[in-house]
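Take a look at the structure below.
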Amino acid sequence: MQKEVKMITKKIIVDQSYYNDKVKRLGEVIRAGGLVAFPTETVYGLGGNALDKEAAKKIYMAKGRPSDNPLIVHVADISEVSTYVKRILPLEKRLMEAFWPGPLTIVFPKKDIVPMATSGGLRTIAIRCPAHEAARALIRAAGVPIAGPSANISTKPSPTTADAVLHDMDGRIEFVIDGGDSLIGLESTVIAVENGKIIIYRPGGITRDMLEAFAPTELDTAITAEQEHPKAPGMKYRHYAPKADLSIVEGAEEKAPGMKYRHYAPSAPLTVYAGNIEAVESEILSFANKGKGKFGFFVSQETAEKIPAGNIIFVWGRRGNKKELAHNLFQGLLFFNNHPVDHIIGEGTDGGGIGMAIMNRLTKASGTHIINMN
Ligand code: TXA
Ligand code: MG
């Protein structure tokens, strides 16, 4: 039997001087086929050389992710894209110029230089240029594009801090660069351009309204559409699935097809109440004091103030402040790792602006257990 060597993941703290020796050294680790988790403005990425199929395999291993779920390739500048894609349409160019560096990922037909292992067997490749300086410094230091899925174990919430990365990845990767809290807190918007239309595969920080200003948009998130072959292949897998009923989910996939799209699982089943706010509040309050450790609350500050002391509460943020809600979303789902409860009672938000991305993640995290109160 092969002897197991336990790897220790080192946390490297970077400051404003990102172009320092530390980042240069980590670029070499990537080029040599190693894995380095890095901060971005959306969530932390699990980085490896996107042109090296062995590195791509290591990423899938570290995450426990099915190898047909493609990785996002990160570049440091728009000018790099043409090296990896067959064509760039004028609309794609305008979108890159408008939103890069930033939370927009575009799916292009790929050139052969990008291995199929990176694209999950697809002929297309998703590319984005992250806004976080440390991420771009790492890409430049590596001298290669960096494949970077979110740095969590497959089906768990995405990490927005270096410590959340370590929670899932300690011992599985060489380094994590600590660049502070991810500013946005939700993964990038994933799109493709088809026949002059922008198809949104995953809503994110760049909202539908922002994209509509460039071309007509269409949503194709495959959350409820039980497509045989979802266009964004990640969408067909469970994400963020509650630990407690995981076995039921696996056994019941055929009967409850929505379940297979769960991602971002918190440590207990989550039910989210959305819609009329008075009704939402009174429904949530009805769970308070039903026994300590039974229910945990993932609620706005306004609702939290009405929940009696002694309950386990994650104060999500101010109700109307969707930036704050987006920023705290994954930290909130991870909060219950350290505050065990049997069931999480959550509050939703409306689907306007970045609310669409927030509700998309909550829909998956709850396994579509969203109760609409009217
Ligand atoms: O904000 C982000 O995008 C973060 C940071 C680290 O950049 N990355 C991230 O990667 O969220 P990941 O692998 O967790 O999610 C990638 C998503 C998946 O839903 C995947 O199916 C989709 O992008 N995707 C990747 N390549 C694709 C392709 N060729 N066609 C359609 N969808 C693709
Ligand atoms: Mg992910």
Side-chain angles (χ1 to χ4, degrees), residues 36-48 50 56 59-60 62-75 84-85 99-110 114 116-132 134-136 138-139 145-160 164-165 168 176-177 179 182-194 199-206 220-223 227 229-240 261-265 326 330 357 360-361 364-365:
V36 178
F38 59 98
T40 85
E41 74 283 14
T42 59
V43 301
Y44 274 69
L46 178 50
I59 292 176
Y60 286 110
K63 274 183 71 78
R65 178 174 184 157
S67 60
D68 64 344
N69 188 357
L71 308 174
I72 290 179
V73 172
H74 297 73
V75 296
Y84 310 113
V85 311
F99 298 116
W100 284 11
L104 182 72
T105 297
I106 305 179
V107 175
F108 297 93
K110 77 169 189 68
V114 183
M116 284 287 189
T118 299
S119 67
L122 298 178
R123 288 175 207 284
T124 53
I125 192 75
I127 303 188
R128 96 172 182 99
C129 176
H132 199 299
R136 293 206 310 283
L138 181 69
I139 300 164
I146 295 185
S150 49
N152 52 282
I153 303 266
S154 186
T155 80
K156 299 294 173 200
S158 303
T160 57
V165 173
D168 277 13
V176 52
I177 300 176
S182 293
L183 195 65
I184 297 173
L186 293 180
E187 306 91 335
S188 61
T189 307
V190 180
I191 63 154
V193 171
E194 269 175 36
I199 316 293
I200 302 173
Y201 292 148
R202 178 175 72 182
I206 303 298
D220 186 6
T221 60
I223 281 187
Q227 297 167 310
H229 303 288
K231 297 242 179 62
M235 299 305 183
K236 75 180 172 186
Y237 296 107
R238 271 178 297 122
H239 277 204
Y240 320 92
Y261 300 117
R262 279 198 297 166
H263 288 209
Y264 314 110
F330 288 133
N360 168 275
R361 305 310 188 271
K364 293 183 176 189

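Counting from 1, the numbers follow the sequence of the chain as shown. Counting starts at 1 for both ligands and their atoms, following the listed order. Being a predicted model, the structure only gives us computed values, none of them experimental.
Ser188 and Ile72 get closest at one heavy-atom pair: OG-CD1, 4.1 Å. Shown here for Pro66 and Ser154, the closest heavy-atom pair between the two residues is CD-OG, 4.1 Å. Here the closest heavy-atom approach between residue Val114 and residue Ala50 is recorded as CG1-O, 4.3 Å.
Of the candidates Arg123, Glu187, Arg65, Arg65 brings a heavy atom nearest to atom 18 (C) of ligand 1. The heavy atom nearest to atom 27 (C) of ligand 1, considering only Pro70, Ser154, Ser158, Cys129, is found in Pro70. Ranked by closest heavy atom to atom 29 (N) of ligand 1, the top entry among Thr124, Thr40, Ile146 is Thr124.
For ligand 1, the polar-atom distance check finds no N/O of Tyr44 at less than 3.5 Å from any of the ligand's N/O atoms. Of the polar atoms of Ser150, at least one N or O is found under 3.5 Å from an N or O of ligand 1, judged by distance alone. When only interatomic distances are considered, the shortest N/O to N/O separation between Lys63 and ligand 1 does not fall below 3.5 Å. Checking only distances, Arg128 does come within under 3.5 Å of ligand 1, N or O to N or O.
Residue Thr160 holds its OG1 atom at 11.0 Å from CG of Asn152, rounded to the nearest 0.5 Å. Of the inter-residue distances, the one linking Leu104 atom CG with Ile200 atom CD1 reads 9.5 Å to the nearest 0.5 angstrom.
Of the possible donor and acceptor atoms, none in the side chain of Arg128 sits under 3.5 Å from a partner among the backbone N and O of Trp100. Of the possible donor and acceptor atoms, none in the side chain of Lys63 sits under 3.5 Å from a partner among the backbone N and O of Ala151. A side-chain donor-acceptor contact under 3.5 Å links Tyr44 to the backbone of Gly179.
When the options Thr155, Leu71, Ile153 are evaluated for a side-chain contact (heavy atoms from CB on, under 4.5 Å) with Arg65, the one that passes is Leu71.
Listed by atom number, the atoms of ligand 1 under 4.0 Å from Val107 heavy atoms are 28 (C), 29 (N), 30 (N), 31 (C). Taking a cut-off of under 4.0 Å to the non-hydrogen atoms of His74, the atoms of ligand 1 that pass are 5 (C), 6 (C), 7 (O). Near Val190, with a cut-off below 4.0 Å to any heavy atom, the atoms of ligand 1 are 23 (O). Atoms of ligand 1 found under 4.0 Å from any heavy atom of Gly45, numbered from 1 in the order shown, are 6 (C). Annotation for ligand 1: atoms under 4.0 Å from non-hydrogen atoms of Asn69 are 20 (C), 21 (O). Atoms of ligand 1 found under 4.0 Å from any heavy atom of Ser188, numbered from 1 in the order shown, are 1 (O), 2 (C), 3 (O).
Glu187 and Ser158 share a side-chain donor-acceptor pair at under 3.5 Å.
Judged by the shortest distance from any of its heavy atoms, Lys110 lies outside the 4.0 Å radius around the atoms of ligand 1. By the 4.0 Å heavy-atom criterion, Gly148 is counted among the residues contacting ligand 1.
Distance check for Ser150 against the Mg ion (ligand 2): an N/O/S atom falls below 2.8 Å.
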